[in-house]
J.: 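So that we are looking at the same thing, I have put the structure below in structure tokens.
Please read these numbers as outputs of a predicted model, since none were measured by experiment. Each chain gets a letter, A, B and so on, in the order the sequences are listed, and its residues count up from 1.
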Number of protein chains: 2
Amino acid sequence: MTDHVSGKTLQRAELARRTGCNLETIRYYEKTGMMPDPPRTASGYRVYDEAHVSRLRFILRARELGFSIYGIRGLLDLVDGGTQTCAEVKERTERHLADVRAKIADLKRIEKVLAGTAAQCSGEEVPECPVLEALAS
Amino acid sequence: MTDHVSGKTLQRAELARRTGCNLETIRYYEKTGMMPDPPRTASGYRVYDEAHVSRLRFILRARELGFSIYGIRGLLDLVDGGTQTCAEVKERTERHLADVRAKIADLKRIEKVLAGTAAQCSGEEVPECPVLEALAS
DNA sequence: CTTGAGTCTGTAGTTGCTACAGACTGTAGC
DNA sequence: GCTACAGTCTGTAGCAACTACAGACTCAAG
């Protein structure tokens, strides 16, 4: 662990700490090909640099925005593919945006039902609970 | 399969068809204790009745409303527990409602970011894509 | 030279299903 | 009665997207 190749190098735990990513998740992203296989020390320890930090942040940010692994991989392919075809990125983003909006609509429908039935509850110990009735009917 | 005990009896496939539930999911709900172990024919075939249909519909409806298996199990316990303490059902519903609302808020935030960045896209093949920039920064 | 923290690997667990494989059963036609 | 075929049975493996071990190794400090 005394490799000082060029610039700052990080171990896995440091990368995790700096990105807020779970330690094991880093290995998972590597296994799934989203993160590149990092160089290793003679004893096999992974060595990361600032490029890895950026890459991981990109992935985490996309995750935060609800992109699936599959979707992120697509985005990364575009990034890695040299020519970044903005139109394609835009299209994917908008498709994802449509998904997000559909999910919001779904949840709002659910919210309405839940709020409506809960509001009917007296809170008393009555034999008929409006929520359970709503679910059963 | 010539058991006519009392009332209409259904096989698994019929129960699935009538509730819109996947065939295998029924077995899964049985295994996880949400559906009761149904009686069997001499040869081991599961036999369902209208009570099972209702129960399964209850479960599916709760799933639709985003309750987790764990949450549904709680609801079912209350149902099965004789005295249905409405107050408790209400409390659980409201807790779930809060979860749903939090999820909506989350998705709205995501929507905003996605819509904002996508709007900046020219769609042209420019070297800097605003979406990718937004993710990377 | 030992101790303790960090890392390595592979694998199993999570949630909520879904989809098999391979054996059995039930029914209809001939 | 026999055969074909659909339906059922079981256990187990797979999906996403991680997360959490166990058991072996390595590294730096005291």
Side-chain angles (χ1 to χ4, degrees), chain A residues 1-5 9-35 37-48 52 56 58-76 96 99 103 106 110, chain B residues 1-5 9-35 37-48 52 56 58-76 96 99 103 106 110:
Chain A
M1 189 83 327
T2 321
D3 298 46
H4 14 142
V5 193
T9 60
L10 317 169
Q11 278 191 273
R12 198 150 56 102
E14 286 171 289
L15 180 58
R17 195 185 43 73
R18 284 199 37 195
T19 55
C21 184
N22 178 288
L23 189 68
E24 300 292 323
T25 304
I26 293 170
R27 204 154 60 91
Y28 170 72
Y29 286 156
E30 183 183 323
K31 198 175 64 187
T32 56
M34 297 164 74
M35 286 291 284
D37 288 13
R40 305 279 188 127
T41 64
S43 56
Y45 283 27
R46 287 169 180 83
V47 177
Y48 299 102
H52 291 103
L56 185 50
F58 183 102
I59 294 167
L60 294 174
R61 185 123 178 74
R63 278 301 293 143
E64 241 180 84
L65 292 178
F67 279 95
S68 67
I69 292 291
Y70 179 82
I72 296 172
R73 201 124 42 149
L75 254 26
L76 289 170
H96 181 51
D99 284 357
K103 217 172 272 180
D106 256 26
I110 289 166
Chain B
M1 191 83 321
T2 321
D3 299 46
H4 13 140
V5 193
T9 61
L10 316 169
Q11 279 191 271
R12 198 149 57 102
E14 287 171 288
L15 180 59
R17 195 185 44 72
R18 285 200 36 194
T19 55
C21 184
N22 178 287
L23 188 67
E24 301 292 324
T25 304
I26 293 170
R27 205 154 59 91
Y28 170 72
Y29 285 156
E30 184 184 321
K31 198 174 62 185
T32 56
M34 298 164 75
M35 287 290 284
D37 289 14
R40 306 281 188 126
T41 64
S43 56
Y45 282 27
R46 287 170 181 82
V47 177
Y48 297 103
H52 291 103
L56 185 49
F58 183 102
I59 294 166
L60 294 174
R61 187 123 178 73
R63 277 301 295 141
E64 242 179 83
L65 292 179
F67 279 95
S68 69
I69 291 291
Y70 179 81
I72 295 173
R73 202 129 37 156
L75 255 26
L76 289 170
H96 180 52
D99 284 357
K103 218 174 270 178
D106 256 25
I110 290 166

J.: To the nearest angstrom, how far is A/D37 atom CG from C/dC8 atom P?
T.: 12 Å
J.: According to a strict under-4.0 Å criterion, is A/Y29 in side-chain N/O contact with OP1 or OP2 of D/dA17?
T.: no
J.: May I have the distance from A/E14 (atom CD) to C/dT7 (atom P), rounded to whole angstrom?
T.: 7 Å
J.: Is the side chain of B/H52 donor-acceptor paired with the backbone N or O of B/L10 at a distance under 3.5 Å, no angle test?
T.: no
J.: Return the nucleotide paired to D/dG11: Watson-Crick means purine N1 to pyrimidine N3 with N6-O4 or O6-N4, wobble means G-U with N1-O2 and O6-N3, both under 3.5 Å.
T.: C/dC20
J.: Can you tell me if A/T32 touches the phosphate of D/dA17, counting only side-chain N or O atoms and a distance under 4.0 Å to OP1 or OP2?
T.: no
J.: Using the side-chain heavy atoms of B/S43, tell me which of these nucleotides is nearest: C/dT18, C/dG26, D/dC18.
T.: C/dG26
J.: Could you please name the option among D/dA17, C/dC17, C/dG26 that lies closest to any side-chain atom of A/I69?
T.: D/dA17
J.: Could you walk me through whether A/Y28 and A/N22 pass the side chain to side chain contact (heavy atoms under 4.5 Å, CB included) test, one step at a time?
T.: CA-CA 10 Å; A/Y28 170 72; A/N22 178 288; over 6 Å; no
J.: Does the side chain of B/R12 get closer than 4.0 angstrom to OP1 or OP2 of D/dC9 through an N or O atom?
T.: yes
J.: Answer with base, sugar-phosphate or nothing: what part of the nucleic acid does B/S68 contact at a heavy-atom distance below 4.0 Å?
T.: sugar-phosphate
J.: Can you tell me the distance, in whole Å, between the CD atom of B/Q11 and the P atom of D/dC9?
T.: 7 Å
J.: In whole angstrom, what separates B/E24's CD from C/dA21's C1'?
T.: 12 Å
J.: Where the side chain of A/A13 is concerned, which of C/dG6, D/dC18, C/dT25 is the nearest nucleotide?
T.: C/dG6
J.: Taking the nucleotide of DNA chain C with the closest heavy atom to each, which residue, B/F67 or B/R27, is nearer the 5' end?
T.: B/F67
J.: Taking atom P of C/dT25 as reference, at what distance in whole Å does atom CZ of B/R40 sit?
T.: 13 Å
J.: I need the CD-C1' distance between A/E64 and D/dC18, as an integer number of Å.
T.: 16 Å
J.: At less than 4.0 Å, is any side-chain N or O atom of A/R17 found next to OP1 or OP2 of C/dG6? Yes or no.
T.: no
J.: Determine, step by step, whether B/R27 and B/E30 satisfy the salt bridge (charged side-chain N to carboxylate O under 4.0 Å, His left out) criterion, reporting the C-alpha distance in whole Å, the side-chain angles of both residues, the deciding distance to 0.1 Å, and the verdict.
T.: CA-CA 5 Å; B/R27 205 154 59 91; B/E30 184 184 321; over 6 Å; no
J.: Supply the atom-to-atom distance A/M34 CE to A/L56 CG, rounded to the nearest 0.5 angstrom.
T.: 9.0 Å
J.: Is there a side-chain polar atom (N or O) of A/R73 under 4.0 Å from OP1 or OP2 of D/dA16?
T.: no
J.: In terms of the nearest nucleotide of DNA chain D, which residue is placed more toward the 5' end: B/L23 or A/T25?
T.: B/L23
J.: Where the side chain of A/Y28 is defined as all heavy atoms beyond and including C-beta, which of C/dC24, D/dT10, D/dC18 is the nearest nucleotide?
T.: D/dC18
J.: Rounded to the Å, how far apart are B/L60 CG and C/dG16 C1'?
T.: 12 Å
J.: For the side chain of A/R46, counting heavy atoms from C-beta on, which of C/dT9, D/dC27, C/dA19 is nearest?
T.: C/dT9
J.: How long is the straight-line distance from CG of B/L23 back to CG of B/L15, given to the nearest 0.5 Å?
T.: 9.5 Å
J.: Can you tell me how far apart CD1 (B/I72) and CZ (B/R61) are? Round to the nearest 0.5 Å.
T.: 12.0 Å
J.: Without decimals, in angstroms, what is the distance between A/M34 CE and D/dA17 C1'?
T.: 9 Å
J.: Under 3.5 Å, is there an N or O donor on one side and an acceptor on the other linking the side chain of B/Y45 and the base of C/dG26?
T.: no
J.: Taking 4.0 Å as the cut-off, does a side-chain nitrogen or oxygen of B/N22 come that near to OP1 or OP2 on C/dA19?
T.: yes
